[in-house]
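Only heavy atoms go into these numbers, but all of them, side chains included; no hydrogens, no water, no symmetry mates. Chain A is the first sequence line, chain B the second, and so forth, proteins listed ahead of strands; every chain is numbered from 1.
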There are 2 protein chains.
Amino acid sequence: MTTAHRPPTLNDVALAAGVSRATASRVIAGTGYASPDARDRVNAAAGRLGYVPNLTARALVRGTGVRLVVAVSGAGPAVLDDPYVDRVVGAAARVCAPYGLGVALHWLPRRDPSGLRRLAEDRSVGGVVLVNTTQAVLRAVPAALRGRVASIGIGSALVPTFDVDNGGGTKAVVRHLYATGRRRIAMVTGPRWLSCAGRSVGAYRRVVRDAGLPVRLVRGDFSARLGRAAAREVLRRWPDTDAIVGISDATALGLIDGLRGDGVQVPGDVAVTGFDDIPLAAMTTPALTTATHPVGQIATAAATAVLAGRPVPPATVFPSRLVRRLSA
Amino acid sequence: MTTAHRPPTLNDVALAAGVSRATASRVIAGTGYASPDARDRVNAAAGRLGYVPNLTARALVRGTGVRLVVAVSGAGPAVLDDPYVDRVVGAAARVCAPYGLGVALHWLPRRDPSGLRRLAEDRSVGGVVLVNTTQAVLRAVPAALRGRVASIGIGSALVPTFDVDNGGGTKAVVRHLYATGRRRIAMVTGPRWLSCAGRSVGAYRRVVRDAGLPVRLVRGDFSARLGRAAAREVLRRWPDTDAIVGISDATALGLIDGLRGDGVQVPGDVAVTGFDDIPLAAMTTPALTTATHPVGQIATAAATAVLAGRPVPPATVFPSRLVRRLSA
DNA sequence: CTGAAAGCGCTAACAG
DNA sequence: CTGTTAGCGCTTTCAG
């Protein structure tokens, strides 16, 4: 018996309320004048009819976008598999919901970030949040994106940045290692091309050098798999290492697994630290000493900045705090 | 020097190519006839101008939506914090990108899933993927959503389902426990209202009963925190328990942590199993025995079904495989 | 304060 | 095969 039930349009509401479509529009969109009387009649009609504005039509006429793009640069599309990316997308999706926007996920080939131009020209794109941002990406950001783009990572004059205080967090971690008696501290880093990871490495270098300790770096990629391999490599190159700083919690977990596979005690023989404080970090054995990383807050701030369109400071840094547990 | 650079419209392309807008539309959208000559000219002009179709306009006229909504039901908006939800949203966002769609995330109050009606009326919504689906949610799905909705979890005549074979996976896990000599096997479940978790519990019951073993159930909620508490409770109620099945890997990790806190050896005294096989499961100590759960594949399939609009089978189940490691 | 009119950029019949 | 003609549903000048 239900008729085809075409969702009501603004026109239906206007008719039912006995006003013009223009007036109905004003009260629904909450913009422009309308007498209290008209306001009531329109709201009543809208409620009665179960009217839901068509955001597509609104976006078309207003020229605003309908989606926020999370653009992740990396060697291949596999970078999108990262749980970190999922968290960013999840947070962005929550920020978008009240605006009636959606989130799309794009891979930006590291060698060729020109896809950004298409995103800027695409009128259905309301804004862009950059992840794993590199200098090359920053250079490729078209001026037309001004005010509609933000970076989780490094930024530029055009691109405000939102990031955790990698340097401060890492410094606290390495100092903690030093304070607990470790003197031969290695670090497993992220991929070379990712400059935000560079801040962690820089902090490590500085603390270690200032203390007169040797610098011991092995390249990783944030994954547990490479962490495990890196454990072997550290032991092979510097058998007397007594602490290893992982660039991420996953790296640290891989490190612990790799060390244990070689019969090395953690933290007895070698202390291991992570970075991020993922929920599971508290549950592993030994529980992971790490630094906090409020990814959700960061992503929320970045997405909000992009959508609000109000001017934001060029850099917003979120503090990182040492979390002492059992692994170091 | 850059002029305001208004992005080119289809009209500009048509003009530049010397054809009508309709023809240009046909070749750009790849729909309908067009002579090879016209095709070339339009493509050339589009390329030269850097034309990017305005998907908002297209969606408006075609009546298709511009976003896919992931609707998660639960007691409070906190359900959206689940990493599982992030994975679903991430996968959906990837599927959406080529369609020019975005993903939005909505919380569906468990007591009142009527929000679904608004989603169905909202013409900007292209489709809905249900997560943590309950019978009440299924009942609240409006007929207008037919063909544009899918469930990750239980389904109905109107709502095709995509899910992992919880029953099969759990059965394999419990049988493994039995085969390795465990005879007093407890299980930590999910929240009562979530029927898909019920399939796991059902499988556990069946295997245990068929083997003439006692049924020992404690309620959890997928989180590590409650897993830890559940360990205590199991030990308190049934001190001779020699194995605990966790409803999720996080639960299992919490269980292991809780058991160890009480000086119980895993797997020596009590074997523990998880479910999901999250990446970290292989890296913990002891490495977790669990069952696979291809969340990404499932979410991808669900999102694809919703967007493709082609008829799909009422139920697609993804196999779960036992992964034997060290915890059981 | 309100209505009429003019589109936003695109697609979809329908005749040529 | 192609151009003409109408809109999709909404917002926004611009006169009343």
Side-chain angles (χ1 to χ4, degrees), chain A residues 4-43 45-46 49-67 99-101 121-126, chain B residues 4-43 45-46 49-67 99-101 121-126:
Chain A
H5 199 55
R6 175 185 57 76
T9 72
L10 187 59
N11 226 342
D12 300 331
V13 174
L15 250 43
V19 300
S20 77
R21 201 166 64 217
T23 299
S25 172
R26 289 185 197 105
V27 356
I28 296 286
T31 166
Y33 300 100
S35 66
D37 176 52
R39 206 171 289 281
D40 286 349
R41 304 226 309 277
V42 170
N43 284 139
L49 268 47
Y51 172 69
V52 180
N54 183 336
L55 297 160
T56 310
R58 179 178 293 177
L60 176 60
V61 64
R62 289 224 263 236
T64 64
V66 289
R67 55 202 180 117
Y99 290 84
L101 299 186
E121 307 268 85
D122 186 337
R123 311 276 316 230
S124 75
V125 171
Chain B
H5 198 56
R6 174 183 58 76
T9 73
L10 187 58
N11 226 343
D12 301 331
V13 173
L15 249 45
V19 300
S20 78
R21 201 167 64 218
T23 299
S25 172
R26 288 184 197 106
V27 352
I28 296 287
T31 166
Y33 300 100
S35 66
D37 177 52
R39 206 170 288 279
D40 286 349
R41 303 224 311 274
V42 171
N43 283 138
L49 268 48
Y51 172 70
V52 179
N54 183 334
L55 297 157
T56 310
R58 179 177 293 178
L60 177 59
V61 63
R62 289 224 263 235
T64 65
V66 290
R67 57 205 179 115
Y99 289 84
L101 299 186
E121 307 270 85
D122 186 338
R123 310 274 318 230
S124 74
V125 170

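Closest contact between the side chain of A/Tyr33 and the listed nucleotides D/dC10, D/dC8, C/dT2 involves C/dT2. Distances from the side chain of A/Leu60 to the nucleotides D/dG3, C/dG7, C/dC8 place C/dC8 closest. Counting only heavy atoms from C-beta on, B/Ser20 has its side chain closest to D/dG3 among D/dT12, D/dG3, D/dT2. Across C/dG9, D/dC10, D/dT2, the shortest atom-to-atom separation from the side chain of B/Ala57 is found for C/dG9. Of the candidate nucleotides D/dT13, C/dC10, D/dC10, D/dT13 has the atom lying nearest to any side-chain atom of A/Arg26. Ranking D/dT11, D/dT2, C/dC10 by closeness to the B/Thr23 side chain, first place goes to D/dT2. Here D/dT11 is the nucleotide among D/dT11, C/dA4, D/dG7 with the atom lying nearest to any side-chain atom of A/Ser25.
Across all strands shown, B/Ala34 has heavy atoms under 4.0 Å from sugar-phosphate atoms exclusively, and none from any base. Using a 4.0 Å heavy-atom criterion, one finds that B/Ala59 contacts no nucleic acid atom at all.
Nearer the 5' end of DNA chain C, as judged by each residue's closest nucleotide, is the contact made by A/Pro36, out of A/Pro36 and A/Arg21. Comparing A/Arg62 and B/Ala24 against DNA chain C, the residue whose closest nucleotide sits nearer the 5' end is A/Arg62.
At whole-Å resolution of the value, OH in B/Tyr51 and P in C/dG9 are 10 Å apart. Distance B/Asp12 CG to C/dC8 C1': 14 Å, rounded to the nearest Å. Rounded to whole angstrom, the span from the CZ atom of B/Arg58 across to the P atom of C/dC8 amounts to 18 Å. Atom P of nucleotide D/dC1 and atom CZ of B/Arg41 are separated by 15 Å, given to the nearest angstrom. Between A/Leu10 atom CG and D/dC8 atom P the separation is 13 Å, expressed in whole Å. Residue A/Asp122 contributes atom CG, which lies 12 Å from atom C1' of C/dG9 at whole-angstrom precision. The nearest whole Å value for the distance from the CG atom in A/Asn54 to the C1' atom in C/dC8 is 13 Å. In this structure, A/Asn11 atom CG and C/dA4 atom C1' are separated by 13 Å, rounded to whole Å.
Taking only side-chain nitrogens and oxygens, B/Arg123 comes nearer than 4.0 Å to OP1 or OP2 of D/dG9. Regarding contacts with the backbone of C/dT11, every side-chain N or O of B/Thr31 stays at 4.0 angstrom or more from both OP1 and OP2. Side-chain N/O atoms of B/Thr56 include none lying less than 4.0 angstrom from OP1 or OP2 on C/dC8.
Checking side-chain atoms of A/Arg21 against main-chain N and O of A/Asn11 turns up no donor-acceptor pair under 3.5 Å. Between the side chain of A/Asp40 and the backbone N or O of A/Asp37 there is no donor-acceptor pair closer than 3.5 Å.
The shortest side-chain heavy-atom distance between A/Leu55 and A/Val66 does not fall under the 4.5 Å cut-off.
Atom-to-atom distance recorded for B/Tyr51:OH and A/Asp122:CG is 9.5 Å, nearest 0.5 angstrom. The CD atom of A/Glu121 sits 10.0 Å away from the CG atom of B/Leu49 when rounded to the nearest 0.5 Å. In this structure, the separation between CZ on B/Arg62 and CG on B/Leu60 is 12.0 Å, given to the nearest 0.5 Å.
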